[in-house]
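Okay, so here's the structure we're looking at.
Atoms considered below: every heavy atom in the structure, side chains included; atoms not considered: hydrogens, waters and symmetry mates. Computed from a predicted model, the values in this text were never measured in an experiment.
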Amino acid sequence: MANKLISQMGLPKSIANVFAARSIITAKDALSLTEFELMELLDVGLAEVTLALAHISEISSPPYQTALSLLEYRIQNEYLAGHLPTQLKGLDAALCGGIPFGVVTELVGPAGIGKTQFCLKLALLASLPSTYGGLDGSVIYIDVESKFSSKRMIEMGFKSFPEILHMEGMAKEMAGRILVLQPASLTEFTESLQQLKVSILQHPVKLLIIDSMAALISGENGQGPPRQHALGWHISFIKSLAEFSRIPVVVTNQVRSQGRDEASRYSFQVQNRTKFPEDLSSFDSHLVAALGIQWAHAVSIRLVLESRSGQRFIKISKSSISPPMAFLFNITASGIFLLDDDGVEMMGPEINAIHCQGHSGTVNFDT
């Protein structure tokens with residue numbers, strides 16, 4: 001809440017304009033100064049400063065709630081719960097309907113495995129009319145790596161829903177509902193996030209996609225694993241945004257090599273616990289999700305996309321209500337396609353391992 005904008009707090013315009021003129025933009029900017037420092041800086045009286053600070057403090061520091069009040073609120077707003085069906089029958093069944101509203105769902109896997117393909121299909125589905133199983137709304141797609149392809153998305157649409165996309169003007173209308181942002185830096189990304197609540201209120205936004213968070217953080221920090229402390233505010237904001245807007249939020253994440261020291265600390269990801277392999281290159285499960293433990297705890301659902309012996313799998317690695325399942329998939333002109341809707345239930349450390357065996361890093365569209 002420290003980064004909440006003063007201009008959105010409902011202060012009288014006279015005092016709000018003075019704050020803006022003196023470059024005091026966020027709650028943190030105002031609350032970091034004493035009343036006398038603000039009086040001198042803003043050139044206003046003590047009474048006005050005191051009232052303004054009290055209002056800013058109240059807005060930026062929400063009151064305590066009891067467990068009972070939270071339960072009652074959840075019951076009263078149960079109608080807001082819902083899912084975005086992925087149109088992958090087995091996965092939707094395992095997820096109790098699809099990608100859930102109000103929480104963060106993560107797609108993690110090596111480059112070229114199909115994460116962006118999945119995101120493009122989700123964007124398409126959210127923009128579909130509700131009569132055809134979509135959410136009939138707008139999508140905000142934050143494209144960090146410039147991988148968004150409107151041509152590919154429309155191709156998916158014509159292959160998956162030809163009866164809809166061939167209707168006059170429908171393809172153009174659906175493409176116009178998908179708002180694409182391409183921040184070039186972490187600073188631009190942060191500014192985009194701060195404006196999202198306003199955008200969600202102005203447009204009937206039904207889905208937020210961030211592809212990918214890890215690329216942006218890694219770009220700021222150079223080579224090597226991203227610094228977790230840089231994510232603190234972003235993690236909290238994205239989670240609160242999902243809860244506030246009651247829409248599905250999907251974030252892609254990259255993988256990185258696991259160092260020997262990390263592997264010994266996180267021995268649950270090693271198949272043989274008694275002996276760690278001397279040559280990490282011979283052990284394909286030493287890949288781990290980027291962004292670290294703090295981010296992993298923030299996401300409610302983690303879907304791992306991996307490759308073993310040239311076959312692609314999507315696994316439900318983390319979910320409070322779904323079993324740990326793995327589904328064999330392929331990528332066709334219509335997007336991700338499950339080869340078996342039944343899937344396989346997986347137990348033990350294998351559900352958390354990330355394999356990259358026989359994976360070329362390219363996507364082939366099968367007819």
Side-chain angles (χ1 to χ4, degrees), residues 84-88 91 98-99 105 107-184 188-189 192 196 199 203-216 219 247-254 303 305 307 312 314 329-339 359-367:
L84 168 60
T86 66
Q87 302 291 323
L88 304 175
L91 183 62
I99 307 298
T105 297
L107 306 177
V108 59
I113 195 68
K115 301 186 297 295
T116 297
Q117 299 291 316
F118 201 161
C119 288
L120 291 174
K121 188 63 173 287
L122 290 177
L124 176 69
L125 291 170
S127 65
L128 273 179
S130 55
T131 52
Y132 293 92
L135 299 182
D136 199 20
S138 297
V139 176
I140 294 179
Y141 196 117
I142 301 182
D143 178 28
V144 176
E145 299 181 86
S146 299
K147 290 183 176 180
F148 181 87
S149 171
S150 55
K151 180 179 178 180
R152 172 65 178 135
M153 187 183 65
I154 294 300
E155 178 190 22
M156 287 183 184
F158 277 110
K159 292 291 185 179
S160 304
F161 313 101
E163 71 282 6
I164 305 173
L165 272 293
H166 279 104
M167 295 171 61
E168 184 177 358
M170 182 56 73
K172 184 176 181 180
E173 178 183 343
M174 291 175 58
R177 292 177 176 179
I178 299 172
L179 315 174
V180 182
L181 301 175
Q182 294 182 318
E188 286 187 19
F189 176 70
S192 298
L196 279 185
S199 298
H203 305 276
V205 174
K206 298 298 178 68
L207 173 66
L208 168 64
I209 295 173
I210 304 174
D211 182 22
S212 76
M213 188 86 159
L216 199 59
I247 63 173
V249 174
V250 177
V251 177
T252 67
N253 191 3
Q254 300 174 350
L303 302 179
L305 283 73
S307 178
R312 299 171 191 259
I314 182 168
F329 77 92
N330 210 339
I331 299 179
T332 69
S334 60
I336 286 182
F337 174 77
L338 295 187
L339 300 180
H359 174 55
S360 65
T362 61
V363 173
N364 297 316
F365 302 141
D366 299 331
T367 58

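- The closest donor-acceptor contact from the side chain of R152 to the backbone of A333 lies under 3.5 Å.
- No side-chain heavy atom of V250 sits under 4.5 Å from any side-chain heavy atom of F118.
- A donor-acceptor pair under 3.5 Å is formed between the side chain of S160 and the backbone N or O of S334.
- Using a 4.5 Å heavy-atom cutoff, the side chains of L338 and I314 are in contact.
- Results of the side chain to side chain contact (heavy atoms under 4.5 Å, CB included) test with I210 over I142, N253, I140 single out I142 as the only residue that passes.
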Do S212 and E145 pass the side-chain hydrogen bond (donor to acceptor under 3.5 Å, both in side chains) test, and can you show the C-alpha distance, the side-chain angles, and the key distance before you say yes or no?
CA-CA 7 Å; S212 76; E145 299 181 86; 3.3 Å; yes
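- Distance check, rounded to the nearest 0.5 Å: SG of C119 to CD1 of I336 gives 9.0 Å.
- Side-chain contact between L207 and I209 is present, with at least one heavy-atom pair separated by less than 4.5 Å.
- A distance-only check finds no donor-acceptor pair linking the side chain of K206 to the backbone of L84 [under 3.5 Å].
- Here the CG atom belonging to L125 is positioned 8.5 Å from the CG atom belonging to L135, to the nearest 0.5 angstrom.
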Take K147 and L120 through the side-chain contact (heavy atoms from CB on, under 4.5 Å) test and state the conclusion after the steps.
CA-CA 10 Å; K147 290 183 176 180; L120 291 174; over 6 Å; no
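- Q117 has its side chain out of reach of K121: every pair of non-hydrogen atoms, C-beta onward, lies at least 4.5 Å apart.
- In this structure, the separation between OG1 on T105 and CG on L122 is 9.0 Å, given to the nearest 0.5 Å.
- Side-chain N or O atoms of R312 include none that pairs as donor or acceptor with a backbone N or O of L305 at under 3.5 Å.
- A donor-acceptor contact shorter than 3.5 Å is absent between the side chain of D211 and the backbone of D143.
- Other residues, nucleotides and ligands place more than 12 heavy atoms under 6.0 Å from the CD atom of E163.
- The distance from the OG1 atom of T252 to the CG atom of L107 is 7.0 Å, given to the nearest 0.5 Å.
- Contact of the M153 side chain with the F148 side chain is registered, since non-hydrogen atoms from C-beta on lie closer than 4.5 Å.
- Using a 4.0 Å cut-off between a side-chain N of Lys or Arg and a carboxylate O of Asp or Glu, E155 and K159 do not qualify as a salt bridge.
- Taking CZ of F337 as the start and CG of N330 as the end, the distance is 8.5 Å to the nearest 0.5 Å.
- Within the 3.5 Å criterion, the main-chain N or O of V108 finds no donor-acceptor partner in the side chain of K115.
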